[in-house]
Visitor: 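There's a structure below that I have some questions on.
Bear in mind that the values here come from a model prediction, so they are computed numbers and not experimental data. Chain letters run A, B, ... following the sequence lines, proteins first, then strands; residues in each count from 1.
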Protein chains: 2
Amino acid sequence: MNTTKRVGRPRGFNCDEALMAAVEVFWTKGYEGASIKDLTEAMGIKAPSLYSTFGDKLNLYKQAIERYLSNDACAPMVAFESEPDIRKAVRAFLEAVIDYATQNESGTRGCFLSSCVSTSAGEVEGVDELLKKAIAETDARLAKRFELEKEKGALPDKFPSLERASLMFDLRQGYIFRARAGLKKNTMTLDLDRRVSIILD
Amino acid sequence: MNTTKRVGRPRGFNCDEALMAAVEVFWTKGYEGASIKDLTEAMGIKAPSLYSTFGDKLNLYKQAIERYLSNDACAPMVAFESEPDIRKAVRAFLEAVIDYATQNESGTRGCFLSSCVSTSAGEVEGVDELLKKAIAETDARLAKRFELEKEKGALPDKFPSLERASLMFDLRQGYIFRARAGLKKNTMTLDLDRRVSIILD
DNA sequence: ATAATTTTGTAATGAACACTATAAAACTTT
DNA sequence: AAAGTTTTATAGTGTTCATTACAAAATTAT
């Protein structure tokens, strides 16, 4: 009655690590641009293992998206939530977005969601659902912090939390787009202070 | 000495129309997702004609981008520039963005630039240059209108035109992203008035 | 008319694609 | 140790991919 030991030959790779490697590949190459060869090589497994564990390419893609979403370790969100002062937190969020978008090893990659959506949402079945969920969750997560600040008295009672949360989200998209086009960090950082004011005041 | 008549068999298709058809295909399918078959069928020509007139797929892609950029008929820009009252103009811009992103025949397509950049910029040589130019031009075009309004006295002298222009641009990216995920027009229109205030006040 | 030139359609090229049949390998169960 | 089960690697499957060789077709130049 051992629940951990399954019958048959044990899997020779870590399922989760393989999935994270797949995220990386889709991230840089897009859904169509990522070949099974690219994926298997990055994941360190052969094609039959990929197909038996993750299904086909589309299924792997969806699982990679969910893996990314469930990670919660999106750098800008962490920066935003870990900084106690709300004004500094907003600034840290935007800075992290810019960093995230510009200083990635394999050139500018933007955000996995942004990258994935344009290649696949609408074209590939089921992907838009995942993204809708992700947007709503991110908006809510940002708004929650604003609500907490209102309770603390750091923000006025009539502060429109959800509205400003989605504003932050949209600014993020703008930075990502600019970074993809190759704009440099220093040019994007210029009006940071005023953008913080726009969000909070 | 006839300059219009060239020697040899005349081209049986309109070069510009074919290029616009190519834009449509890249728009909906992305660079990698668009096959030569897709392209030739939409353009109404056979592969050899495509290659002799536009070079290879990458060259066609770049020409399609430039064709799109030189069009200047981007609906939100037109809406923004043709409305005399600046407040209404900003609102019209945002409304047009939302319309543009949500009510396209083949599902939600977003913007050609946004679609094209994520598939190809960074991965495909030369594309990021085209986009950088496009962003700078759009920012400048929006800012120019703000400057005119300052001269007219409709905006304060210290109004940061370029900053607010890029803010508008970035909000646009956010809407496009949301539309791609399948968000509906009415949910995005909710905080439109406050977003106009954010841009102008 | 004939020659020269360019575009066109047909059909093919090799490469890369997503995906899988098969059998050996590695484990648990009996 | 033999049987049963699952994963693995090898080596393919047919399809689609971007691209092009070739010759007929359509025009201008001589």
Visitor: Please give, in whole Å, the distance from dG9(C) P to Ile45(B) CD1?
Guide: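 Computing the Ile45(B):CD1 to dG9(C):P distance gives 9 Å.
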Visitor: Under 4.0 Å between a Lys/Arg side-chain N and an Asp/Glu carboxylate O for Lys144(A) and Glu147(A)?
Guide: no
Visitor: Could you tell me whether Phe177(A) and Phe169(B) have their ring centroids closer than 6.0 angstrom?
Guide: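 Between Phe177(A) and Phe169(B), the centre distance is under 6.0 Å.
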Visitor: Which of the following nucleotides, dT27(D), dT19(D), dT8(C), is nearest to the side chain of Ala47(B)?
Guide: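 Of all the options, the side chain of Ala47(B) is nearest to dT19(D).
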Visitor: Can Glu83(B) and Arg91(B) be counted as an ion pair, charged N to O under 4.0 angstrom?
Guide: no
Visitor: Would you indicate, yes or no, if dA18(D) has its OP1 or OP2 atom less than 4.0 angstrom from a side-chain nitrogen or oxygen of Lys57(B)?
Guide: yes
Visitor: How far apart are the closest heavy atoms of Ala89(B) and Arg145(B), and which atoms are they?
Guide: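 Heavy-atom minimum between the residues: CB-NH1, 3.7 Å.
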Visitor: Which sits closer to the 5' end of DNA chain D, Asp56(B) or Pro10(B), going by the nucleotide each is nearest to?
Guide: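 Looking at the nearest nucleotide for each, Asp56(B) comes out on the 5' side.
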Visitor: Please report, rounded to the nearest Å, how far the C1' atom of dA26(D) is from the CZ atom of Arg6(B).
Guide: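 The answer, rounded to whole Å, is 13 Å.
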Visitor: Go nucleotide by nucleotide along DNA chain C from the 5' end; which of Lys46(B) and Ala34(A) gets its closest nucleotide reached first?
Guide: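 With Lys46(B) and Ala34(A) compared, the 5'-side residue is Lys46(B).
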Visitor: Can you check the Tyr51(B) OH to dT19(D) C1' distance for me, whole Å?
Guide: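 Taking atom C1' of dT19(D) as the reference, OH of Tyr51(B) is at 5 Å.
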Visitor: If you compare every side-chain N and O of Ser49(A) against the phosphate oxygens of dT7(D) (OP1, OP2), does one of them come in below 4.0 Å?
Guide: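 No, no such contact exists.
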Visitor: It should be established whether Ser35(A) places a side-chain nitrogen or oxygen under 4.0 Å from OP1 or OP2 of nucleotide dA16(C).
Guide: no
Visitor: In whole angstrom, give the distance that lies between atom CG of Leu39(B) and atom C1' of dT16(D).
Guide: 14 Å
Visitor: Specify the separation, in whole Å, of atom CD of Glu32(B) and atom C1' of dA18(D).
Guide: 12 Å
Visitor: Between dA18(D) atom P and Asn59(B) atom CG, what is the distance in whole Å?
Guide: 15 Å
Visitor: Can you tell which of dG4(D), dT8(C), dT8(D) lies closest to the side chain of Val7(A)?
Guide: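 For the Val7(A) side chain, the nearest candidate turns out to be dG4(D).
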Visitor: Taking only side-chain N and O atoms of Lys37(B), does any of them lie within less than 4.0 angstrom of OP1 or OP2 on dT16(D)?
Guide: no
Visitor: Which one, dT8(D), dT8(C), dT20(D), comes nearest to the side chain of Arg9(A)?
Guide: dT8(D)
Visitor: Select from Gly8(B) and Ser52(B) the residue whose nearest nucleotide in DNA chain C is closer to the 5' end of that strand.
Guide: Gly8(B)
Visitor: Round to the nearest Å and state the distance from Lys29(B) atom NZ to dT16(D) atom P.
Guide: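 Distance, rounded to whole Å: 13 Å.
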Visitor: Counting any heavy atom closer than 4.0 Å, what does Pro48(A) reach on the DNA or RNA strands: base, sugar-phosphate only, or nothing?
Guide: base
Visitor: Please name the pair of heavy atoms, one in Lys132(A) and one in Ala181(B), separated by the smallest distance, quoted to 0.1 Å.
Guide: CE-O, 3.5 Å
Visitor: In whole angstroms, how far is the P atom of dG9(C) from the CE atom of Met43(B)?
Guide: 13 Å
